[in-house]
A.B. asks: 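Structure below; questions to follow.
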Amino acid sequence: MGEGEKAFWRRRLFGGQAPISRQNGPRVWFHAASVGEVTGALGVMERLRIVDPRTQVFLSVGTPQGCRFARTHVPANVQVFEAPVDLPWAVWRTVSRLGPDVFVALESEFWPVLHWCLKKHGIPVVLLNGRVSEKSWRRYRRFSFLFGHIFPSIQWACVKSAEDQRRLESLGVSPQRITVTGSSKSDTLKQRADPSLVAAWRQRLGLPQEVPVLVGGSLRAQECQALLEIFAKLKQEFPGLVGIFAPRHLDRVASMVAWLQDHGVNYDLLSSLSSIGPRRRQGDCLVVDGIGHLFELYGLGDLIFCGGTLAPVGGHNILEPVVWGKPVYYGPHVKKVWEEHGVLQRHGVGIMVQSAEELYVRWRDALFTGTFGESRSDAARKALEELGGAADLQLMGLLPFLRRTDPRGAS
């Protein structure tokens, strides 16, 4: 752990690093675990800035990667800081400094001390993009002496699915306070899909338009090696193929590099190529050893796999490749992205495979037939339209909490 990360965790542990509110207007505190949750909040925060510029928006994030991502992607009026560890002194200092009018949790940020402190200060709690997995639901019920006070105090919960609604109701959230809207991530992603970013990456990585590119993103567990094996086999038959591989967690980079070295595959670490004036790419295999690049790199892909789906994790953000008009392949473990899977599959831009072997066969056929680069922009647009609109609904539900604390009201 570097000095920067040590300082990050010290700030989380002792609290008191939150900005101090110094102006009039409603104050909203958004809280996200990491990059994925920040992505879900961006669309709502941007809309809030437009609807009521006087609103002060704060965003706390629980990981160093998430903080770095947030600081480069949030609207200009959002102040980002390190989320306090769920300990009384850290939480109390943070809540006292911010003095928010409403607290907005993203997805499944249910922390006993934090929610107790918010209740003591009379601060209403709103949940956006709410989700409760079966495993988490069982844990919350089992340890109700820790989590039981959280759920009845939620004033409004905007959830991904009817199943999330059912679980929250059973945990104590009033049914009248739950709305199923889906996730706002698709709204945010559409705003970020800038074709000039892809052109810049092509130039930076030395990738001609006609070169087929394989992207394996958010790889977990055995997927890290499985995707490298598929690439190595395809490379023997299609020498021009380029592969880009991004593990979900950076501690997997070392084992992936070791595998490439053992099998004599020329590779580069993306960090050596992604800065201004980098050295030229030496190999046709790129290992992504940094956070925050994957979404843009998906825009380069002709054959794209999204991880956490062959490994029994439940899936990561399978919408990201589709935003670029590309079909996405994934495995059968999609319980975390079940609704997205259904829509993408129905529109022909989501392709489920049952094994790494099937993925290899499908990609080999696509390369042989030359269908790997076909655009599916129209189908992708229709799928995203079906999944979109959550950010607007979430904003409409959030505004009344600001108006009730602002004597002038929000326009």
Side-chain angles (χ1 to χ4, degrees), residues 197-275 278-311 316 320-321 324 326-331 353 355-368 372-373:
L197 298 173
V198 178
W201 276 110
R202 281 199 178 277
Q203 182 176 7
R204 197 174 297 172
L205 302 180
L207 292 174
Q209 192 72 40
E210 66 275 9
V211 170
V213 178
L214 181 160
V215 179
S218 293
L219 303 179
R220 300 288 295 269
Q222 70 268 25
E223 294 171 345
C224 296
Q225 181 174 322
L227 267 290
L228 294 179
E229 291 174 348
I230 291 172
F231 171 74
K233 289 169 65 177
L234 292 173
K235 184 72 173 170
Q236 294 176 1
E237 297 184 83
F238 308 95
L241 183 65
V242 172
I244 301 174
F245 303 95
R248 182 71 173 183
H249 302 298
L250 295 183
D251 57 5
R252 290 279 180 175
V253 169
S255 62
M256 294 173 71
V257 167
W259 189 94
L260 292 168
Q261 292 173 339
D262 290 344
H263 291 79
V265 179
N266 291 331
Y267 71 93
D268 292 284
L269 294 176
L270 186 65
S271 61
S272 68
L273 305 172
S274 59
S275 59
R279 67 178 181 85
R280 295 182 63 82
R281 178 168 55 87
Q282 303 297 308
D284 287 337
C285 180
L286 301 176
V287 179
V288 180
D289 57 337
I291 298 295
H293 304 304
L294 180 58
F295 173 69
E296 295 174 8
L297 294 173
Y298 275 140
L300 298 169
D302 299 299
L303 300 168
I304 302 173
F305 173 81
C306 187
T309 54
L310 285 175
H316 294 302
E320 290 189 338
W324 297 103
K326 311 293 182 72
V328 58
Y329 291 77
Y330 44 82
V353 296
S355 65
E357 292 74 18
E358 183 185 350
L359 181 63
Y360 163 72
V361 170
R362 283 179 173 264
W363 280 357
R364 183 174 181 270
D365 290 345
L367 289 166
F368 262 123
F372 59 86

A.B. asks: Heavy atoms only: give me the nearest P239-D284 pair and the separation to one decimal.
C.D. replies: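 Residues P239 and D284, closest heavy atoms: O-OD2, 3.9 Å.
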A.B. asks: To the nearest 0.5 Å, what is the distance between CG on L297 and CD on E320?
C.D. replies: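 Reported value, rounded in 0.5 Å steps: 10.5 Å.
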A.B. asks: Within the distance-only criterion (no hydrogens, no angle test), does the side chain of E223 pair as donor or acceptor with the backbone N or O of G308 below 3.5 angstrom?
C.D. replies: yes
A.B. asks: Walk me through it: do V253 and L269 pass the test side chain to side chain contact (heavy atoms under 4.5 Å, CB included)?
C.D. replies: CA-CA 9 Å; V253 169; L269 294 176; 4.1 Å; yes
A.B. asks: Rounded to the nearest 0.5 Å, how far does CG of L310 lie from CG of L219?
C.D. replies: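 Answer rounded to 0.5 Å: 9.5 Å.
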A.B. asks: What is the minimum heavy-atom distance between L241 and K235, and which atoms define it?
C.D. replies: O-NZ, 2.7 Å
A.B. asks: With no hydrogens and no angle check, is any side-chain donor or acceptor of R220 less than 3.5 Å from a backbone partner on P247?
C.D. replies: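 Such a contact is absent between R220 side chain and P247 backbone.
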A.B. asks: Answer whether the closest heavy-atom distance between the side chains of Y360 and E229 falls below 4.5 Å.
C.D. replies: no
A.B. asks: Do the ring planes of F238 and F368 sit parallel (below 30°), tilted (30 to 60°) or perpendicular (above 60°)?
C.D. replies: perpendicular
A.B. asks: Please tell me whether F231 and F245 form a close aromatic pair, meaning their ring centres lie under 6.0 Å apart.
C.D. replies: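 For F231 and F245, the ring centres are under 6.0 Å apart.
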A.B. asks: Show the nearest heavy-atom pair for residues I230 and A356, with the distance to one decimal.
C.D. replies: CD1-O, 3.5 Å
A.B. asks: Against C285, only a single residue in D268, N266, L228 fulfils side chain to side chain contact (heavy atoms under 4.5 Å, CB included); can you say which?
C.D. replies: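 One option only clears the test, and that one is L228.
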A.B. asks: For K326 and I304, indicate whether the former's side chain and the latter's backbone hold a donor-acceptor pair under 3.5 Å.
C.D. replies: no
A.B. asks: Please check if atom CD in Q203 has more than 12 non-hydrogen atoms from other residues, nucleotides or ligands closer than 6.0 Å.
C.D. replies: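 Not more than 12 within 6.0 Å, no.
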A.B. asks: In terms of heavy-atom contacts, does CD of E210 have more than 12 from other residues, nucleotides or ligands at under 6.0 Å?
C.D. replies: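 Yes, CD of E210 has more than 12 neighbouring heavy atoms, counting only those of other groups under 6.0 Å.
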A.B. asks: When rounded to the nearest 0.5 angstrom, what distance separates CD1 in I291 from CG in L250?
C.D. replies: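 Reported value, rounded in 0.5 Å steps: 4.0 Å.
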A.B. asks: Treating D302 as the side-chain partner and V213 as the backbone partner, does any N or O pair qualify as donor plus acceptor under 3.5 Å?
C.D. replies: yes
A.B. asks: Return the minimal non-hydrogen interatomic distance between V198 and E296, and the atom names on each side.
C.D. replies: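 What the structure gives for the nearest pair is CG2-O, 4.2 Å.
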A.B. asks: Show the nearest heavy-atom pair for residues C306 and V328, with the distance to one decimal.
C.D. replies: CB-CG2, 3.9 Å
A.B. asks: For G240 and V211, work out which heavy atoms get closest and say how close.
C.D. replies: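 Closest approach of G240 to V211, heavy atoms only: O-CG1, 3.3 Å.
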A.B. asks: Given Y330 and H316, is the side chain to side chain contact (heavy atoms under 4.5 Å, CB included) satisfied, shown in steps?
C.D. replies: CA-CA 10 Å; Y330 44 82; H316 294 302; over 6 Å; no
A.B. asks: When you measure from the side chain of W324 to the backbone N and O of F295, does any donor-acceptor pair fall under 3.5 Å?
C.D. replies: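 Side chain of W324 to backbone of F295: a pair is present.
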A.B. asks: If you apply the rule side chain to side chain contact (heavy atoms under 4.5 Å, CB included), what do you find for V242 with L300, and how did you get there?
C.D. replies: CA-CA 10 Å; V242 172; L300 298 169; over 6 Å; no
